[in-house]
Amino acid sequence: MKHSKGIFFVAFLFAMLCGLTTAEAQQSPPADGEEGPRRGLLDDSTKMVYGPNTSLYFYEKYVRDNRFEKVALDTSLTGFHNYEPVADTWYTYQDLGNLGTAARPIFYEVPLQIGRTSGFHAYDLYYHSPDSIRYFDTKSPHTHIAAFFGGGNRNKLDVEFVRNIQPNWNVGIAYRTIRARKTLNPTRRDDNNVVNDSYEMHTNYVSPNGKYRLLASFTRMKHNVNEQGGIIPPDVDTTSLYFTYEDSKVWLRNSRARDLRQAYHLYQQYEIVKGWQVYQVFDKKKQEVTFFSNLGTSDADFFNENRFNSSDSSLVHSKPDTTNNHNHYSEWKNEFGFKGDLGPVYYNAYIKLRTGRMASRFFSENNSFTELFLGGALRGEINENWIFEAEGEYLIPDGYRISGLFISPYLDVRYTKALYKPTLAQERYAGNHYRWDNDFSNIGVDQIKGTIKVNLGKSTLRPNLTVNRINNYVFYNEEQVPDQAGSEAFMVIPGFSGDLVLSGKFHWESDVRYTLITGGAADAFRIPEWFINSRIYFDGPLFDENVFVQMGLEVRYRSGNFAPAYMPATQQFHLQNEFNVYAYPVADAFLNFRINRTRVLFRYNHLNAGFMENDGYFITPGYTGLKNMLDLGISWYFFD
């Protein structure tokens, strides 16, 4: 724990010294044969001025879809105060009330992967997967440090370094960490709820003639969680109270979970003739999910009484006083395809092979799979405002995903139809507390999303509508085991988002959604009827435009509902009908400002604490939201 303190202190001190003592880096113009300086990047001495516009990045999707563009580094202030992954989604995820805890989407999402997945997704939000890697084209070494110090020792640090080895070859490395102390009943300063260490290495290369391009990455995340099981209800222990935070009585003190992920990724393409390329994608992934609990302590009171232990109690995973669950998921994928452009039309076709397995100490044999896919895409662009896209993937013989998108200056519409497989964890699981072996049918979904686009000067208004029809849905029921709905669920979700600009400097941003669910399987979806986010803030320069400031108030609200509960032993959210996560508006005050390339945030959480009928609020049954506390964050860019 002392080591984690040192990391944050050294990073903070180093960045402060650099920010105070270094001027903007100025270098000589590029050598002959290199790309010349972009317009506006020269100072009065005709020297290259390195900065956010000379360290551009792109995603693999831009290359694959032949929509290649390079994006400048983000120095904007909007939403900068929402530094946590859940807050960054504008709270469309439900977590356990602390940075780095298990999280799930509040709204139903159509899976991108129609084949098998591990089914252990509680910590997806904190993993930088290969498809999220930013590949750089930088003209100088570039370092980014972002340090966030949340109240109650909720800390997050991101350090990224990229550089160009040659004009056509760039490399990068990143380290990310979370150290979040328990918000409920910590016993010491470094009694951490979450400890996360993540690494990324990536490179991209393009041949001198531009015909061959390679993107490669390695990512790794080790996510450790000291589980707490939530607050013991007062009707179980009359001395237990819900809103005492540091003095709360929790179920678990000797239980911990770990999610270890690692992925190797390679993308390469070659242009055979102008406008026609062949490409290959290779992935090797693994995920190790473990849960340990000392049942010789009071932690045993949290779990069900039955145990599934081997008769050989000498095995470490079969001791009657210990839970030691372990699941190991591994996957290999190879994809080969061709793509190109015929005038304004883009086309793509591919074949993909995936093989994988789920292994467990409790399994008599591994749960393995082999999947073969055929897929393709078409896109037509009349111009940048009128676009249509169609893509499809067929999992031989019983899965598919078809999607169509229409974009115009006034209306965007997307239709998706899919038939996808249940997860491996839903099909077969074995541990000390739960076991099942299921043969579920594939899950079907039809989804339509539409957005009307209204632009009024600087203001934007976006009325929208989402309609879902879902059948054979697989979920974790009140008994905390997988179940499949025998009928359909229909969702109608009208919404509104927009940014109303007043007097050029005052903004009112909102995201409002109303959800109506009907059908025989409606009860399998626990979505709040009303979901509202809104922020009002001042945005403008001060002190002769030397400082750019955003200052305002952010409020979020969800209707009361029986939100899913969380079971640490299986790392799954499940239905429950006893705990109503009641409606409660949460207000945060924030101040974001930027001086040159340095951004700073201050956020005061739960500003309205003590002014409401209830003493606080819940996010998940048994888990309270943050009490009022102050967060600080700072982000620096260095170019030299």
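Contacts of K222 classified as salt bridge (Lys or Arg N to Asp or Glu O under 4.0 Å), with partners at least two apart in sequence or in another chain: none. Residues that satisfy the ring pair (Phe, Tyr, Trp, His ring centres under 6.0 Å) test with Y264, not counting sequence neighbours, are F218. When the ring pair (Phe, Tyr, Trp, His ring centres under 6.0 Å) test is applied to H433, the partners found at least two apart in sequence or on another chain are F303. For Y623, there are no ring pair (Phe, Tyr, Trp, His ring centres under 6.0 Å) partners at least two apart in sequence or on another chain. Taking Y347 as the reference, W276, F338, L342, L378 meet the side chain to side chain contact (heavy atoms under 4.5 Å, CB included) condition, with sequence neighbours excluded. Residues forming a salt bridge (Lys or Arg N to Asp or Glu O under 4.0 Å) with K352 (at least two apart in sequence, or on another chain): E393. Among residues two or more places apart in sequence or in another chain, the salt bridge (Lys or Arg N to Asp or Glu O under 4.0 Å) test is passed with D124 by R261. For K333, the salt bridge (Lys or Arg N to Asp or Glu O under 4.0 Å) criterion is met by D283, not counting sequence neighbours. Every side chain to side chain contact (heavy atoms under 4.5 Å, CB included) that W332 has, sequence neighbours left out, goes to F282, K284, T355.
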side-chain contact (heavy atoms from CB on, under 4.5 Å) between Y350 and R64, intermediate numbers included: CA-CA 12 Å; Y350 63 86; R64 172 168 173 157; 3.5 Å; yes
Verdict with reasoning, Y400 to Y394, per ring pair (Phe, Tyr, Trp, His ring centres under 6.0 Å): CA-CA 4 Å; Y400 60 83; Y394 176 47; 7.8 Å; no
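In D439, the CG atom is not crowded: 12 or fewer heavy atoms of neighbouring residues, nucleotides or ligands sit closer than 6.0 Å. For E479, the CD atom is loosely surrounded, since the number of other residues' heavy atoms within 6.0 Å does not exceed 12.
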Side-chain atoms of residues 96-109: list all donor-acceptor pairs with protein atoms under 3.5 Å, sequence neighbours left out, distances to 0.1 Å.
{"residue": "N98", "atom": "ND2", "partner": "R181", "partner atom": "O", "Å": "2.9"}
{"residue": "N98", "atom": "ND2", "partner": "N193", "partner atom": "OD1", "Å": "3.3"}
{"residue": "T101", "atom": "OG1", "partner": "L96", "partner atom": "N", "Å": "3.1"}
{"residue": "T101", "atom": "OG1", "partner": "N98", "partner atom": "O", "Å": "2.7"}
{"residue": "R104", "atom": "NH1", "partner": "Q94", "partner atom": "OE1", "Å": "2.9"}
{"residue": "Y108", "atom": "OH", "partner": "Y420", "partner atom": "OH", "Å": "3.0"}

Using residues 366-376 as the side-chain source, report each donor-acceptor pair under 3.5 Å to any protein atom, sequence neighbours left out, with the distance given to one decimal.
{"residue": "E371", "atom": "OE1", "partner": "R354", "partner atom": "NH1", "Å": "2.6"}
{"residue": "E371", "atom": "OE2", "partner": "R116", "partner atom": "N", "Å": "2.9"}

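Cation-pi geometry between R220 and Y199 is not satisfied (NZ or CZ under 6.0 Å from the ring centre, within 45° of the ring normal).
Residue pairs meeting the salt bridge (Lys or Arg N to Asp or Glu O under 4.0 Å) criterion with at least one member in residues 564-574, sequence neighbours excluded, do not occur.
In this model, a donor atom of one side chain and an acceptor atom of the other lie less than 3.5 Å apart for D259 and Q287. Inspection of the N170 and N164 side chains reveals no N or O donor paired with an N or O acceptor under 3.5 Å.
S255 pairs with exactly one of N226, N294, T323, D299 by the side chain to side chain donor-acceptor pair (under 3.5 Å) rule, that one being D299.
Using a 4.0 Å cut-off between a side-chain N of Lys or Arg and a carboxylate O of Asp or Glu, R256 and E227 do not qualify as a salt bridge. Of the charged side-chain nitrogens involved, at least one lies within less than 4.0 Å of a carboxylate oxygen, so that E200 and R176 count as a salt-bridged pair. The pair E381-R379 meets the salt-bridge criterion, since a charged nitrogen lies less than 4.0 angstrom from a carboxylate oxygen. Using a cutoff of 4.0 Å between basic side-chain nitrogens and carboxylate oxygens, R67 and E389 are scored as salt-bridged.
Taking the six-membered ring for Trp and the full ring otherwise, the centers of F638 and H142 sit at least 6.0 Å from each other. Remark: aromatic rings of F573 and Y566 are close, center separation under 6.0 Å. The aromatic ring centroids of Y62 and F68 lie 6.0 Å or more from each other.
Proximity of a side-chain donor or acceptor of N477 to a complementary backbone N or O of Q480 within less than 3.5 Å is detected.
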